[in-house]
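Hydrogens, waters and symmetry mates are skipped; everything else that's a heavy atom, side chains included, is used. Numbers here simply count residues along the sequence, with the first being 1. Note that ligands are numbered from 1 as they come in the structure, with each ligand's atoms numbered from 1 the same way.
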Amino acid sequence: MTSPLLQVRDLSVSFASRKGQTAIIETLSFHVDEGETLCIVGESGSGKTVALMSMLGLLDPRSARVEGEALFKGRNMLQASERELQRIRGREIALISQDPMTALTPVHTIGWQIVEQIRTHTGLSRRAAEARALELLGEVGIARPRMVAEQYPHQLSGGMRQRVVIAMALSCNPSLLIADEPTTALDVTVQAQVLDLLRRLRRDFGSSIVLITHDMGVVAEMADRVLVMYGGRVVEEGQTEAIFSDPWHPYTWGLLDSIPPLDGPRPERLFSIPGSPPQPDRRPAGCIFRPRCRAALPECNLAPPRQRGADRNALCFLDEGERPVARSAARRSEEQPA
Ligand SMILES: Nc1ncnc2c1ncn2[C@@H]1O[C@H](COP(=O)(O)OP(=O)(O)O)[C@@H](O)[C@H]1O
Ligand SMILES: [Mg+2]
């Protein structure tokens, strides 16, 4: 068996606050294989961004305490020097964030920025880097690379800017692309184009992708495997098909029930999970989802066990026999709200 490209083990992150340390991520473990797309899904505040920033050494060490391991090609990034991390982030792992402006400088042209990026990490000559920059802009579906290269970021639409950032991310042939809600700020048509672009990258370059989203619709389209996060933990993890055809965790039921139907009449109101995620310093003991759970049992005030199956696991007391009954009871109670 080959080892995974990225293996995260027992990652924990806490921030110093006036009240002491507040835990944000607790013992998070997952892996990413070569060439696969892993989606990390969860409502806003689940800790998705903090998890990836901590892995890449991008949190401020004065306030963040990070423990555990994040092995990339066998090297623990949490123990790496700043120099080594910069090398990994530039050449091997590319990060695309929700707001493309964070990756672009307003004062330089697009072409200049891509060329600089290429030259810093590859040592190509200026002329070769310029040619490569135009090629990359073409690869991300920009019709007039020469014209766009001469423009400044503010002259482009949000969708075009995100394409430019993806082109920059690709300039070093990264083996792992991490995209943190890359389409959240874009309208639906542009969103579809960007997702299409990510799919092409995987196909043509064999890149591994970690795609972070709060949208189960995006997961359905993109993921090989899914990690469902809630309150800084993985509550369910498995193959996409398994999760969509038979979700185990009541939080996953809720996420799936909130996807708008693709066809047929649209319901008057889409389901949304009642309540909101707990503040990190007010997480309940036992199962953190218990206050919002439609199937909570008395034992849920204790730490839930991890249920395991062939292609999946979930952090929940409900076992195989109890799940279907609990889910249909939960559905009935939604149809007749108290
Ligand atoms: N620098 C920080 N200091 C303290 N708390 C933080 C910091 N960054 C994020 N958090 C908290 O961590 C939690 C998870 O945030 P985040 O990872 O951004 O969630 P997501 O990306 O899933 O929406 C939130 O409650 C947020 O307020
Ligand atoms: Mg986030």
Side-chain angles (χ1 to χ4, degrees), residues 6 8 10-30 32 37-68 70 77-78 89 93-103 158 162 165 169 176-186 191 194-195 198 209-219 222-223 226-237 243 249 251-252 254-256 258 272-273 275-284 288-289 291-292 315:
L6 175 68
V8 174
D10 293 328
L11 179 70
S12 295
V13 182
S14 60
F15 287 106
S17 67
R18 272 172 294 138
K19 288 184 249 166
Q21 291 290 126
T22 302
I24 302 289
I25 306 289
E26 293 179 66
T27 59
L28 183 73
S29 295
F30 66 93
V32 183
T37 300
L38 175 76
C39 278
I40 304 182
V41 66
E43 289 163 294
S44 173
S46 318
K48 306 180 297 294
T49 299
V50 168
L52 87 91
M53 300 275 280
S54 64
M55 242 161 50
L56 298 177
L58 291 169
L59 295 177
D60 184 348
R62 285 169 302 183
S63 59
R65 187 193 294 164
V66 182
E67 284 161 304
M77 293 193 284
L78 303 187
R89 290 195 300 254
I93 303 182
L95 178 62
I96 299 169
S97 64
Q98 179 173 335
D99 177 8
M101 280 312 271
T102 57
Q162 198 59 297
V165 172
L176 177 63
L177 192 69
I178 302 181
D180 188 1
E181 313 228 18
T183 61
T184 304
L186 307 176
Q191 172 173 332
V194 170
L195 292 180
L198 292 178
I209 299 176
V210 173
L211 178 57
I212 296 177
T213 176
H214 59 262
D215 184 340
M216 271 296 202
V218 170
V219 177
M222 302 293 294
V226 188
L227 218 63
V228 181
M229 271 186 83
Y230 184 76
R233 287 166 181 265
V234 173
V235 295
E236 181 159 5
E237 175 187 1
I243 303 259
H249 198 284
Y251 181 57
T252 317
L255 291 179
L256 288 171
S258 14
S272 72
I273 305 171
S276 47
Q279 292 298 317
D281 56 351
R282 282 189 224 125
R283 286 180 188 157
I288 35 177
F289 187 57
R292 300 173 75 193
L315 198 59

More than 12 foreign heavy atoms under 6.0 Å from CZ of R65: is that the case here?
no
Of all the heavy atoms in G42, does at least one lie under 4.0 Å from an atom in ligand 1?
no
S44: numbered ligand 1 atoms lying under 4.0 Å from its heavy atoms:
23 (O)
Between E237 and I243 the two heavy atoms that sit nearest each other are C-CD1, 3.9 Å
Just to confirm, does any protein heavy atom lie below 4.0 Å from atom 1 (N) of ligand 1?
yes
Got the closest protein heavy atom to atom 18 (O) of ligand 1, with its distance?
T49 CB, 3.8 Å
What atoms in ligand 1 come closer than 4.0 Å to a heavy atom of P280?
25 (O)
Return yes when at least one protein heavy atom is under 4.0 Å from atom 26 (C) of ligand 1, and no when none is.
no
Is it the case that the side chain of S12 and the backbone of T27 share a donor-acceptor pair, with hydrogens and angles ignored and the cut-off at 3.5 Å?
yes
Non-hydrogen side-chain atoms of S258 and M216 separated by less than 4.5 Å:
no
Atom 13 (C) of ligand 1: closest protein heavy atom, distance to 0.1 Å, is I24 CG2, 3.7 Å
Distance-only polar pair, side chains of D180 and T49, donor-acceptor under 3.5 Å
yes
Atom 10 (N) of ligand 1 sits nearest the protein heavy atom F15 CE1, 4.0 Å
Below 4.0 Å, non-hydrogen atoms only: which portion of V50 touches ligand 1? Side chain, backbone, both or neither.
both
Would you check if the Mg ion (ligand 2) lies under 2.8 Å from any N, O or S atom of S44?
no
Should G47 be listed as contacting ligand 1, given a heavy-atom distance under 4.0 Å as the test?
yes
Hey, is ligand 1 close enough to G45 that some N/O pair sits below 3.5 Å?
yes
Flag the pair M55 / I93 as yes when at least one side-chain heavy-atom distance between them is below 4.5 Å, and no otherwise.
no
For residues M229 and I40, determine if any side-chain heavy atom of one lies less than 4.5 Å from a side-chain heavy atom of the other.
yes
Do the ring planes of Y230 and F289 sit parallel (below 30°), tilted (30 to 60°) or perpendicular (above 60°)?
perpendicular
